[in-house]
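Worksheet: one structure, shown below.
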2 protein chains.
Amino acid sequence: MQIAPADFDPLFAALADHTRRDIVRRAISAEEGVLELANHYPMSFAAVQKHVAVLERAGLITKQRIGRRRVVRTNLEALLVARRLLDQYEELWRARIDRMNELIAESDGAIDTVETKGSKR
Amino acid sequence: MQIAPADFDPLFAALADHTRRDIVRRAISAEEGVLELANHYPMSFAAVQKHVAVLERAGLITKQRIGRRRVVRTNLEALLVARRLLDQYEELWRARIDRMNELIAESDGAIDTVETKGSKR
DNA sequence: CATTGATACAACCATATGGTTGTATCAACC
DNA sequence: GGTTGATACAACCATATGGTTGTATCAATG
């Protein structure tokens, strides 16, 4: 089914707005239509509707028709996609630290090679 | 020292650009100055410098003077701040699932209460 | 100390974004 | 089937963003 082709730009852009993050948060546990969502914020219904559209394009929420309303639900998958990228960065970071530790271990036999004076490249 | 007052807007906005994410990735393991970074991308030095400035304002990178260059380093803390928010969302999601399971368990004794007809407010 | 390598910043442009109001669609319900 | 509740969408505006070129700063280095 391919939830999202991992297009990070719209994903993070969608998360870069306080109102949209709050919609995501609400849509995790609540089952509100767009109008009900809009009542929580100090802006017009249309503005909120546009925010919802942005979130939907980013794959962060889905809408399901229920009666007259379109109930907004957060898509966990998209959140995980974003988190996974950050995890990868963290992993890279750890790897770098490990590499540095190895280097330090290697040069343990020749201690004051780097000591007290660092000629920079 | 208060690395970042958890201002998510600039944080996610900074991550919502392919070039900037790539700079973050590079700056995790490399130790490049702004000019060296710029050479990796098909845009002007000034454009890259602006991207670096955006990342710095978001707290995602720091610069350290080394010789003539300003070496760009990724700030793990900021990445973790972003990840933590996503983790919280995921946690909320799990909590909702748990709650739903509880409800299902509760109504196990009185099965067809909700069955075949849902009066929707 | 004058030069130069590396960076920062200002001014400008095109397009994107976040908000508004107004209108159109469209399924529920009487 | 006409009315209405809920949503979508168009047009518009102000500001932000991502790019450009050009100029200024500023510390290393000869």
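Every chain is numbered from 1, with letters handed out A, B, ... down the list of sequences.
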What is the distance from CG of B:Asn39 to P of C:dA6, rounded to the nearest Å? 10 Å
Selected nucleotide, minimal atom distance to B:Arg65 side chain, candidates C:dT20, D:dA27, D:dG18: D:dA27
Hey, is CD on A:Glu91 packed in by over 12 heavy atoms from elsewhere, all under 6.0 Å? no
Provide, to the nearest angstrom, the distance between the CD atom belonging to A:Glu32 and the P atom belonging to D:dT7. 11 Å
Rounded distance in Å - CG (A:Asp17) to P (C:dA16): 18 Å
Check: B:Leu15 main-chain N/O paired with B:Arg21 side-chain donor or acceptor under 3.5 Å: yes
D:dT20, OP1 or OP2 - any side-chain N/O from B:Ser44 closer than 4.0 Å? yes
Donor on one side chain, acceptor on other, A:Arg73 and A:Gln64, under 3.5 Å: yes
Taking a pair to mean Watson-Crick or G-U wobble geometry with both distances below 3.5 Å, D:dG22 pairs with C:dC9
Select base, sugar-phosphate, or nothing to describe what A:Ala46 touches, counting heavy atoms under 4.0 Å on all strands. base
May I have the distance from B:Asp9 (atom CG) to C:dG18 (atom C1'), rounded to whole angstrom? 12 Å
Between A:Arg70 and A:Arg57, the residue closer to the 5' end of DNA chain C by nearest nucleotide is A:Arg57
Measure from the side-chain heavy atoms of B:Lys63 and tell me the nearest of D:dG19, C:dA8, D:dT7. C:dA8
Pair A:Arg26-A:Glu36, salt bridge (charged side-chain N to carboxylate O under 4.0 Å, His left out): steps then yes or no: CA-CA 11 Å; A:Arg26 286 199 131 91; A:Glu36 293 158 289; over 6 Å; no
Specify the separation, in whole Å, of atom CZ of A:Arg69 and atom P of D:dA8. 13 Å
Quick check on DNA chain D: between B:Thr19 and A:Glu56, whose nearest nucleotide comes earlier from the 5' end? A:Glu56
Quick check: do B:Glu32 and B:Val71 have side-chain heavy atoms less than 4.5 Å from each other? no
Under-3.5 Å donor-acceptor pair between A:Arg68 side chain and C:dA28 base: yes
If you check every side-chain atom of B:Gln49, which of C:dA8, D:dT7, D:dA27 has the closest atom? C:dA8
A:Arg20 has its side chain closest, among D:dT20, C:dG18, D:dG18, to C:dG18
B:Phe45 CZ to D:dG22 C1', straight-line distance once rounded to whole Å: 14 Å
Rounding to an integer number of Å, can you tell me how far A:Leu55 CG sits from C:dT17 C1'? 14 Å
For B:Lys50, answer base if it contacts any base atom (sugar-phosphate contacts may also be present), sugar-phosphate if it contacts only those atoms, and nothing otherwise; contact means non-hydrogen atoms under 4.0 Å. base
